2 protein chains.
Amino acid sequence: MGFDKIIHEPARLRIMMVLAGVAEADFNFLLTTLELTRGNLSRHVEKLEGAGYVEIKKVFIGKIPNTSYRITKDGKGALSRYWKSIDEVRRLGQF
Amino acid sequence: MGFDKIIHEPARLRIMMVLAGVAEADFNFLLTTLELTRGNLSRHVEKLEGAGYVEIKKVFIGKIPNTSYRITKDGKGALSRYWKSIDEVRRLGQF
DNA sequence: GACTTTTGGTTTGCAACGCAAACAGATTTG
DNA sequence: CAAATCTGTTTGCGTTGCAAACCAAAAGTC
């Protein structure tokens with residue numbers, strides 16, 4: 001009935017879609033491709049981690065901290081279920 | 001970028017999809033087909049009216065009050081734009 | 001070597017929101 | 001005439017998304 005609230009939020013849906021198509025993406029890549037603010041990206045990605053949909057990996061590249069993300073198996077499953085539920089609602093009408 | 005927040009809420013999206021496929025629907029019809037609580041249906045439909053997406057018509061059928069709804073032209077436009085924006089995000093996946 | 005700026009993020013504050021429960025007003029039933 | 005039903009609306013509250021503030025380290029700049 002309801003959609004997965006974690007994924008349904010537009011910013012997070014877009015994060016998930018990008019992560020689904022890529023082995024791994026770092027903070028700045030997501031920041032520039034999705035045009036979010038740093039604060040929002042941080043919080044959304046944290047929420048996705050809390051749900052077990054993405055993994056966060058922090059390393060140093062030289063002296064610079066670098067945070068990168070990858071989608072988990074759970075995340076992929078949830079994302080595909082999400083699209084299924086969207087399709088169901090869409091079939092309610094003729095659009 | 002973001003979706004139309006009025007429509008993006010699942011309950012409202014489903015209300016819109018039902019109304020899009022029907023000349024007009026009353027409160028109880030929506031209540032039973034969508035399985036919402038009365039309170040939630042009332043509030044969501046009020047919000048859709050506030051956005052100009054739905055018209056509300058109140059009449060008496062005999063002695064019983066009856067509230068019915070129909071989607072407006074604006075509402076249809078917004079709904080179809082909504083699905084377009086969903087499709088755009090979906091295409092982020094299979095490049 | 002002391003500033004300012006930039007980089008890479010996290011935390012905080014707040015207004016808006018969705019949800020369930022309470023409420024209201026009229027009607028029917030026992 | 002009290003209780004239950006019907007048709008909705010309003011209220012209260014916990015959650016959330018967003019922007020702005022913050023922080024720490026690195027890199028320029030003078």
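Below, chain A is the first sequence line, B the second, and so on; all start at residue 1. Nothing here was measured: the structure is a model prediction, and the numbers come from that model. Values below: every heavy atom of this structure, side chains too, minus hydrogens, waters and symmetry copies.
- A straight line from CD1 of B/I61 to C1' of C/dA26 spans 15 Å, rounded to a whole angstrom.
- A/H8 places its NE2 atom 10 Å from the P atom of C/dG18, with the value rounded to the nearest Å.
- Between B/K58 atom NZ and C/dG25 atom P the separation is 15 Å, expressed in whole Å.
- Both A/F60 and A/T37 lie near DNA chain D, and the one whose nearest nucleotide falls closer to the 5' end is A/T37.
- Residue A/N28 has its side chain nearest to C/dG8 when only C/dA20, D/dT9, C/dG8 are considered.
- At a cut-off of 3.5 angstrom, counting only N and O atoms as typed in the model, there is no donor on one side facing an acceptor on the other between the side-chain of A/R38 and the base of C/dT11.
- Residues A/E46 and A/I56 fail the side-chain proximity criterion, which asks for heavy atoms closer than 4.5 Å.
- In this structure, the nucleotide among D/dT16, D/dA27, D/dG12 sitting nearest to the side chain of B/R43 is D/dG12.
- Taking the side chain as every heavy atom from C-beta outward, A/M16 and A/V54 approach each other to under 4.5 Å.
- One can place CD of B/E9 at 13 Å from C1' of D/dG17, the figure rounded to the nearest angstrom.
- Put simply, B/H44 has a side-chain N or O that comes within less than 4.0 Å of OP1 or OP2 on C/dC19.
- For A/T67 and C/dG9, the shortest distance from a side-chain N or O to OP1 or OP2 is below 4.0 Å.
- Neither OP1 nor OP2 of C/dG25 sits under 4.0 Å from any side-chain N or O of B/K63.
- Looking at heavy-atom distances under 4.0 Å, B/K47 makes contact with sugar-phosphate atoms alone, never a base.
- Formation of a donor-acceptor pair under 3.5 Å by the B/R38 side chain with backbone atoms of B/F27 is not found in this model.
- Protein atom CD1 of A/I15 is 14 Å distant from nucleotide atom P of C/dG9, rounded to whole Å.
- For A/R12 and D/dC18, the CZ to P distance is 9 Å, given to the nearest whole Å.
- Residues A/E9 and A/K47 are not paired through a salt bridge, judged by the lack of any N-O separation under 4.0 Å between the basic side chain and the carboxylate.
- Using a cut-off of 4.0 Å between Lys/Arg side-chain N and Asp/Glu carboxylate O, B/D87 and A/R90 are scored as salt-bridged.
- A close approach under 4.0 Å does not occur between any side-chain nitrogen or oxygen of B/N66 and OP1 or OP2 of D/dT7.
- One can place CG of B/L31 at 12 Å from P of D/dC6, the figure rounded to the nearest angstrom.
- Here C/dC19 presents its C1' atom at 10 Å from NZ of A/K5, a figure rounded to the nearest Å.
- Using a 4.0 Å heavy-atom distance criterion, A/L41 is classed as making no nucleic acid contact.
- Note on A/I64: only backbone sugar-phosphate atoms sit closer than 4.0 angstrom, heavy atoms only; bases stay farther off.
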